[in-house]
Structure formats: structure tokens, C-alpha cells
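All values below come from the heavy atoms of this structure, side chains included, with hydrogens, waters and symmetry mates left out.
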Amino acid sequence: MVVSIAPYCLSFSQQTCNSNYISKHIALSKYRRDIRRGCLRRPQILPSTLGDAVGLRVFVLSDLHTDYTENMEWVKCLPTVRYKNDVLIVAGDVAETYKNFIVTMSLLKDRFEHVLYVPGNHDLWCRHEGEIYLDSHQKLKKLLDTCRGLGVQTSPMVLDGLGIIPLFSWYHESFDREEEITSIHVLPLEMACKDFKACKWSKELSNGDISLALYFDAMNEKNQSVIKEIQNTCNQIITFSHFVPRQELCPEKRMLFYPKLPKIIGSDCLEFRIRSIHGVEGSPSACHVFGHTHFCWDSVLHGISLKVPNNMSGYSQVNDEQCRYVQAPLAYPRERKRRMNGGDKWLPFCIYSHGKFSDRLSPCYWSDYYSTNPRTPHNTQLAPWVARFYNQT
């Protein structure tokens, strides 16, 4: 998560469910009816049915934020034997401080045979380490060097015929194309988003334009030959990033306590990169894992036409048909208590096992909501819980 004022990014009431609520079929049916009616009850996500299967297993996790003691303890409590032959994809935001980063990644590498990682924005903050790192460029290099030393992969790899491709990325404001909310006053990005001060970039790079998004996207070019080989030899491919590739993977602005959030979450360059790997039309074996917004998510998107900037020729057209997008965040402790991320009993999420992808996350609040309710970004009337919040403040 990127916003400094905690309530702004939460978009649920604080109502919780009985722990047995989703364990019975009748309760799950009631949950589905509640989704159709717009009820804000947030159930606990069920663990993947592939979690105990045999063969190659791939688990996914993002936004560990182990600078929080509770989150570090959660990592330490992961079983030391259960995952010994498995793969873990870590989609960014491990820790702000280098000390917590190396402790966390060491713990994960001790538990999983293979760990793959891409950096998130929090990983590159320098606010507590300004005397150690001159800037975020230097810290990024240090983190990647540390990963190599620990045996954590930051480059594409193939395991038992499955291709796994990490994608470096950053967000840009023009990613947000939906209508603005003008009925309320909210903090400007520079005040709400800590990245603007906590990250330190060279003068030619800025959070305010597309330069950082292009800079990180260019880091993927060095892997193009390996990616081509994976495309030619692997029938199933998982790509992953920290940032969001599609605005449809975030609730509409009227649903958010901070309606400017879409300006600091995603990249068109990233979606174009994903399409170049999975194919313009996608396939049932195309899957992308992301993080950053702390909303649990699992959906297949169709029918989007998108123009994206690239380094070579200005703009390229992308016509999307089918790709599965998944987010499995640990998130902040306060968010887990509200089950904004679906709780923690289902994490890490087993997305692939023994040659096949898992069933969809269930229940998964926002992607469930949009599976039965059309997205209406032209509607700028605040959701009731957002309106109540701003009326109170």
C-alpha cells in the first residue's frame, strides 16, 4: 500500500463474520447473494484445494511488510518442512529496512526450495537509511545483489515445464483514465503518498510522469532472450509484478476512501509487457500475479482495447482477450483484522500444482463483486461508506 493515511485506502466496513460462516454451503450461497446486493460483509478466504497436492507446487504472496512485528512473526511461523520442495513467488513490498528485508527473505528461502522476487515501492524507501544508501537506485542494486547471494531469483526460470517470469515495474499517473471524483476534497498525491519523499531518484526520473515506469520497464529487456525461449518451450507461464497492470483490477474511485489511488498503482507498460509474453489474445494457461493495493483479487478480464507507450515507437495497441490476474497480499495487520485481504489463513496461496492452475480464490470480495456487477466508472456518486466517512471528517 502506498497511502500514508490509513483509512483512505480501506473500502470496507468493519463488520466481520463468524469463523464458521463460509465453512458450510448454505453460508457460501448467502455470501453470493450478499455480493449481488452490495453487502459489505467480508468472509475469510478458503485455502487452495491444491495446497496438499503432490508434484511441483507454486505459492504466491505479496505485501509482506515485515517492518510490522506481527507480519514478521507470521513469516517466522510458516512451517519449516511443508514447503521444502515448493516455489514461492513474492510480488514485492517485503520490508522498508534492509535489515528486515534480508531477515524475511532468508526465512522464506529456508522454507521454500525456490523463491522468486520483484521489488515494490516500500522496498526502495530510503527514509530510515539515508546515510546507508545515497538513493533508491543504490538500494535497488543492493537488494538485487542480496537476492543473488541468498539464492532468490529475480530473473525468469523454468521448473518442470512451467515458465515463471518476474517483471519490473513502477506506476504513472496517466494509468488512471476513469472519471474524477470532484464532490469531496482529498489530499494531493504528494501529501498522501509517501513514495514522493521516501524514494530518492535521479533528477530525470519522477513519480509525476511516465519516466519511472519506462525506467523500470526497460529493466526487463535484458531478459528478452530467456523470455522468448520460455514462450517457445512452455505451455504454461506465470508472470508477476508488484504493480497493477489494469485499472479494472482496483475498485472504482467512488468505492475508495482515497479516490486518487488509481494514479499511484499501475502501469500501461506493464500490461503491454504481459501481453507480449502471454499473447495478444491470452489463453487459459496465462496467469499474472500482482500486489500493491492489498485487495485480494482473482479474475479473468476480457475485451479491453488499450494504447500503451513504449520505448521504441511511441504507442502500441493491445487487444486483450483472456488472462487470469491474482493478488494474494499479507497486507497490514489492521487490514487483516478487517479481512480487507481475506484474512491470513489462506496464505501463501497455492496457485499451481502438478501441472494445473488452482480454482479461483473463494470467496474473494471485490473480484466476486465485479463478476456480478458491471464496472461503471462514469458513476461518481460516493459509495455509502465513503460518503459517511467524509461527512464525519
Side-chain angles (χ1 to χ4, degrees), residues 1-3 8-9 11 62-63 91-93 118-122 124 167-182 186-190 192-196 199 201 205-220 239-277 288-295 297 299 301 303-311 314-320 323 325-327 329 366-367 370 375-378 380:
M1 191 67 68
V2 294
V3 177
Y8 273 21
C9 285
S11 48
S62 73
D63 302 281
D93 273 5
V118 290
N121 50 312
H122 283 249
L124 302 179
L167 294 175
F168 291 84
S169 60
W170 200 264
Y171 57 82
H172 57 92
E173 290 183 33
S174 56
F175 174 77
D176 173 22
R177 292 177 175 80
E178 297 184 349
E179 193 164 342
E180 300 291 351
I181 301 292
T182 58
V186 297
L187 290 176
L189 294 175
E190 293 78 5
C193 178
K194 294 183 181 180
D195 293 348
F196 284 78
C199 292
W201 303 108
L205 300 177
S206 169
N207 276 318
D209 57 33
I210 200 169
S211 57
L212 269 171
L214 290 174
Y215 173 80
F216 275 87
D217 182 67
M219 295 176 64
N220 298 305
T239 54
F240 71 100
S241 63
H242 178 64
F243 294 101
V244 182
R246 296 272 291 271
Q247 191 165 356
E248 299 91 331
L249 299 171
C250 180
E252 297 156 76
K253 293 177 184 178
R254 63 191 177 91
M255 307 286 196
L256 301 168
F257 284 101
Y258 188 61
K260 290 183 181 290
L261 181 66
K263 299 182 185 300
I264 48 177
I265 64 171
S267 168
D268 294 333
C269 306
L270 173 60
E271 175 64 4
F272 180 69
R273 185 73 61 174
I274 293 167
R275 288 295 133 204
S276 72
I277 293 170
H288 183 79
V289 176
F290 64 99
H292 191 55
T293 58
H294 296 195
F295 296 115
W297 208 283
S299 63
L301 297 184
I304 298 297
S305 181
L306 181 66
K307 282 188 175 181
V308 298
N310 61 54
N311 290 317
Y315 284 85
S316 299
Q317 188 79 20
V318 175
N319 295 299
D320 173 45
C323 183
Y325 297 86
V326 177
Q327 182 173 196
W366 279 115
S367 48
Y370 285 113
R375 191 177 183 88
T376 56
H378 57 278
T380 59

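When atom types are taken as modelled, the side chain of Asp63 and the backbone of His294 share no donor-acceptor pair closer than 3.5 angstrom. Arg273 places a side-chain N or O within donor-acceptor distance of the main-chain N or O of Asp217, the cut-off being under 3.5 Å.
Distance check, rounded to the nearest 0.5 Å: NE2 of His122 to NZ of Lys194 gives 7.5 Å. Separation of atoms CD1 (Ile181) and NZ (Lys253) is listed at 7.0 Å; rounding is to 0.5 Å. Distance check, rounded to the nearest 0.5 Å: CD of Gln327 to CZ of Phe295 gives 8.5 Å. For the atom pair CZ (Arg375) and CD (Gln247), the distance works out to 6.0 Å, reported to the nearest 0.5 Å. Separating the CD1 atom in Ile265 from the CD atom in Glu173 is a distance of 12.5 Å, to the nearest 0.5 Å. A distance of 10.5 Å separates CD in Glu180 from OG1 in Thr380, rounded to the nearest 0.5 Å.
With contacts defined as side-chain heavy-atom distances shorter than 4.5 Å, the pair Val118/Leu167 does not qualify. For the pair Cys323 and Arg275, the minimum side-chain heavy-atom distance is below 4.5 Å. Residues Asp93 and Ser62 form no side-chain contact, since every pair of their non-hydrogen atoms from C-beta on lies 4.5 Å or further apart. Ser276 is not listed as a side-chain neighbour of Ile274, based on a closest heavy-atom distance of 4.5 Å or more. The side-chain heavy atoms of Glu190 and Asn207, taken from C-beta on, include no pair separated by under 4.5 Å. Contact of the Val289 side chain with the Thr239 side chain is not registered, since no non-hydrogen atoms from C-beta on lie closer than 4.5 Å. With contacts defined as side-chain heavy-atom distances shorter than 4.5 Å, the pair Leu249/Thr293 does not qualify.
Trp201 and Phe216 have perpendicular rings, their planes meeting at more than 60° on a 0 to 90° scale where under 30° would count as parallel. Ring geometry for His288 against Phe290 counts as parallel: the plane angle stays under 30°, on a 0 to 90° scale with 60° as the upper cut.
Separation of the Tyr325 and Trp366 ring centroids does not fall under the 6.0 Å cut-off. Aromatic ring centroids of Phe243 and Trp170 lie under 6.0 Å apart.
Every residue two or more places apart in sequence or in another chain was checked for a salt bridge (Lys or Arg N to Asp or Glu O under 4.0 Å) with Lys260, and none qualifies.
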(request) Decide yes or no on side-chain hydrogen bond (donor to acceptor under 3.5 Å, both in side chains) for His172 and Asp209, but give the supporting numbers first. (result) CA-CA 6 Å; His172 57 92; Asp209 57 33; over 6 Å; no
(request) Walk me through it: do Tyr258 and Val186 pass the test side-chain contact (heavy atoms from CB on, under 4.5 Å)? (result) CA-CA 7 Å; Tyr258 188 61; Val186 297; 4.2 Å; yes
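Of the candidates Leu261, Asp176, Val244, Cys250 forms a side chain to side chain contact (heavy atoms under 4.5 Å, CB included) with just one, namely Leu261.
Heavy-atom minimum distance, Pro119 versus His242: O-CB, 3.6 Å. The minimum heavy-atom distance between Gly208 and Ser206, with the atom names listed, is N-OG, 2.9 Å.
In summary, Arg177 and Asp268 engage in a salt bridge, as defined by a charged side-chain N under 4.0 Å from a carboxylate O.
Defined by atom type and a distance below 3.5 Å, a donor-acceptor pair is present between the side-chain atoms of Tyr171 and Asp195.
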